[in-house]
Amino acid sequence: MQAAMDSMEKIVSLSKRRGFVFPSSEIYGGLNGFWDYGPLGVALKRNVKQAWWDDMIAHHDETAAETGAPSPFDMVGIDSALLLNPKVWEASGHLSGFSDPMVDCRETRARYRADQLVVFALVLETENGGRETITDVLFASPGEAGKSPQDELLAPHRKQLRRILKSRPGGDALSIEAIAGALEDESARARTLAPGATEPGTLTAPRAFNLMFKTYIGALEDSSSAAYLRPETAQGIFLNFKNVLDTARVRLPFGIGQVGKAFRNEINPRNFTFRSREFEQMEVEFFCRAADAEAWYVYWRDRRYRWYVDLGLRPENLALREHEDSELAHYAAACADVEYRFPFGQSELEGIANRTDFDLRQHMQASGKDLRYFDDQAGPDEERRYLPHVIEPSAGADRATLAFLCDAYTEDEVGGERRTVMKLHPRLAPVKVAVFPLVRKEGMPERALGIYRELRGKLDAAYDEKGAIGRRYRRQDEAGTPYCVTIDGRTLGDDTVTVRERDSCEQRRVGSGQLADYLAQCIGG
RNA sequence: GCGGGCGUCGUAUAAUGGUCAUUACCCUGGCUUCCCAAGCCAGAGACGUGGGUUCGACUCCCAUCGCCCGCUCCA
């Protein structure tokens with residue numbers, strides 16, 4: 001564990017030193033939960049997003065079924081606004097509980113409005129006519145104090161009640177006594193049995209869930225102009241489902257992808273960029289027939305896991321974790337997380353969920369607009385108008401970037417010296433090739449500059465002539481540059497250069513005319 | 001959000017209620033150098049922020065911000 005934390009510190013330190021990630025607003029003391037990407041970091045993150053966009057959208061072949069896919073399908077992209085009509089968040093469920101204190105049950109994962117949860121004690125009438133209030137266990141039930149009928153409040157706890165009554169002979173008739181303020185009282189909460197829970201003490205203290213950032217549109221700051229920064233990109237896709245359907249000539253099954261910023265006012269940002277208040281998502285909402293949803297869920301789950309492996313994350317650091325039923329959100333039929341073993345623990349990179357038709361149904365109801373799909377391929381006995389079901393692979397761009405950084409970080413030994421090298425996949429590496437003159441004389445810099453300028457038009461290249469050659473190699477190792485080209489004495493004679501490979505430090509001589517093709521082949525794609 | 005710990009150049013560090021705040025690496029410029037952080041010369045760079053105590057605060061006190069750990073939270 002100590003070694004693990006050290007490695008996280010090294011990654012944070014290297015990020016700062018080399019310009020991958022900086023604390024946001026650093027000269028003013030930083031801002032908790034916000035981070036800036038430096039020159040290398042922005043290149044890395046852009047490459048992550050580009051790889052996602054290319055693999056999911058731009059390079060998708062809709063004319064043939066991919067490996068494992070039930071059928072061919074279309075993929076298109078959108079870029080929706082950050083601020084949406086506040087009604088969107090009412091319909092999606094993000095706004096409920098925004099202003100009211102909420103209470104969660106850790107066991108059942110249910111969430112209640114604190115003012116709609118009645119906590120009460122049982123009052124038993126004993127044989128000799130006395131009354132006994134049981135205080136060692138309290139009960140919580142949905143309802144309103146003073147209004148909800150006793151039977152309704154007792155209903156969720158029948159089993160427990162029967163047991164209690166049995167252990168108290170004669171204590172047959174019973175009443176209840178509501179306890180005000182019990183949810184705020186830690187010791188009372190510890191004794192309170194939540195609806196559906198098997199043991200007391202699973203309720204959290206009431207608190208407001210201001211997870212959405214609030215702002216105001218226009219000059220007036222009043223409730224009518226309130227708006228929220230989107231806490232996820234998904235809703236922007238659902239809102240445009242009909243637009244895309246009407247304009248993009250797509251048929252089911254098809255997916256709409258979006259990459260963009262989202263904001264959550266997290267109570268407690270932690271672990272470097274892993275949980276930030278401003279972050280970037282890469283999401284697909286994939287629409288299909290209800291009958292096919294399960295097959296598509298499996299397809300997307302497996303495909304998205306493979307994506308990380310293909311980009312170089314070590315499989316031993318990755319896990320695909322299927323959620324238990326108790327873990328599922330109320331609208332989800334299935335959900336799996338792609339998790340990465342970060343130095344601070346195994347945590348989620350991406351969630352793939354079968355969201356059924358929940359989102360479209362919510363928006364259809366709330367907006368009054370018909371969002372059903374007209375299926376002209378449906379058989380005579382089949383429904384022709386229906387709401388598609390949705391598979392949602394939702395990935396965090398910053399989390400993926402952090403995972404690639406962690407996974408790439410390597411320390412090894414070259415010629416007896418310790419070396420830090422970022423073994424980034426060539427597709428993700430900020431710089432693909434660096435060009436060096438071996439020494440700064442005999443026309444080598446001029447020759448190297450010529451080669452650099454030629455390469456620069458084709459791929460991300462860097463030029464460096466400062467310091468000893470070994471130092472320049474090491475600098476590029478820390479940036480994750482997969483190839484270094486060095487111009488030496490032989491270049492001036494036979495027009496060949498050396499190409500040094502990052503991970504092995506091995507060199508090959510390549511004719512300068514073939515260099516661009518050779519590198520393109522090494523890097524691939 | 002609660003509890004605990006910690007804030008000195010980019011990184012890692014040293015020292016001190018009182019003169020230009022130490023050292024190494026990194027970084028910048030130059031010299032040298034024909035392949036993996038060599039050497040030489042020169043240079044830049046810090047007491048998180050605000051307030052208080054004091055003749056004088058990087059040092060003591062308070063607040064604040066940030067970071068780390070545990071709990072909590074995680075649509």
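We use all heavy atoms of the structure for the numbers below, so side chains are in, but hydrogens, waters and symmetry mates are not. Since we're looking at a predicted model, the values are computed, not measured. Protein chains get the first letters and strands the later ones, always in sequence-line order, with residue 1 at the start of each.
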| said: Under 3.5 Å, is there any donor-acceptor pair linking the side chain of A/E442 to the base of B/C34? | reply: yes

| Nucleotide of B/C67, B/C34, B/A37 approaching A/R18 most closely (side-chain heavy atoms) | B/A37

| query | What is the base-pairing partner of B/G66, counting Watson-Crick and G-U wobble geometry with both distances under 3.5 Å? | reply | B/C6

| query | Should the pair A/W307 and A/F404 be assigned to parallel (<30°), tilted (30 to 60°) or perpendicular (>60°) ring geometry? | reply | perpendicular

| Taking atom P of B/G30 as reference, at what distance in whole Å does atom NZ of A/K441 sit? | 16 Å

| task | Kindly indicate whether the side chain of A/R275 and the base of B/C74 share any N or O donor-acceptor pair separated by less than 3.5 Å? | result | yes

| task | Take the protein atom NZ of A/K16 and the nucleotide atom P of B/G45, then report the distance between them rounded to whole Å. | result | 17 Å

| message | Between B/U8 and B/G4, how far apart are the two C1' atoms, rounded to whole Å? | response | 23 Å

| message | Tell me if the side-chain of A/R500 makes a donor-acceptor pair with the base of B/C36, cut-off 3.5 Å, by modelled atom types. | response | yes

| query | Is there a Watson-Crick or G-U wobble partner for B/C26 with both distances under 3.5 Å, and which nucleotide is it? | reply | none

| query | Do any side-chain nitrogens or oxygens of A/N32 fall under 4.0 Å of OP1 or OP2 in B/C65? | reply | no

| message | Let's test your reading of the model: under 3.5 Å, does the base of B/C68 pair with the side chain of A/E9 as donor and acceptor? | response | no

| request: Decide yes or no for A/P195 and A/P142: does some side-chain heavy atom of the first lie under 4.5 Å from some side-chain heavy atom of the second? | output: yes

| field | A/D494 atom CG: more than 12 heavy-atom contacts under 6.0 Å | value | yes

| said: We want to know whether A/D488 and A/T486 form a side-chain donor-acceptor pair, criterion being a heavy-atom distance below 3.5 angstrom. | reply: no

| request: Report the residue (A/E506 or A/L31) whose heavy-atom-nearest nucleotide on RNA chain B is the more 5′ of the two. | output: A/E506

| task | Look through every strand shown and name the nucleotide pairing with B/A46 as Watson-Crick or G-U wobble, where both distances are under 3.5 Å. | result | none

| Exceeds 12 heavy-atom contacts within 6.0 angstrom, atom CD of A/Q507 | yes

| request: Go through B/C35, B/G29, B/A37 for me and flag the one nearest to the A/K466 side chain. | output: B/G29

| query | Given B/U11, B/C67, B/U33, which nucleotide is nearest the side-chain atoms of A/V439? | reply | B/U33

| Closer than 4.0 Å, any side-chain N/O of A/R270 to the OP1 or OP2 of B/C74? | no

| task | Tell me whether the OP1 or OP2 atom of B/U33 has a side-chain N or O from A/R471 closer than 4.0 Å. | result | no

| field | Any donor-acceptor N/O pair under 3.5 Å between B/G30 base and A/R440 side chain | value | no

| said: Give me the distance, rounded to whole Å, that separates B/C47 from B/A21 when you measure between the P atoms they each carry. | reply: 11 Å

| request: Check the side chains of A/Q258 and A/S80 for a donor-acceptor pair under 3.5 angstrom, ignoring hydrogens and angles. | output: yes

| message | Please classify the nucleic acid contact of A/S92 as base, sugar-phosphate, or nothing, using heavy-atom distances under 4.0 Å. | response | nothing

| said: Between A/R475 and A/R509, which residue's closest nucleotide on RNA chain B lies nearer the 5′ terminus? | reply: A/R475

| Rounded to the Å, how far apart are A/F274 CZ and B/C68 P? | 14 Å

| Under 3.5 Å on both distances, the Watson-Crick or G-U partner of B/A57 | none

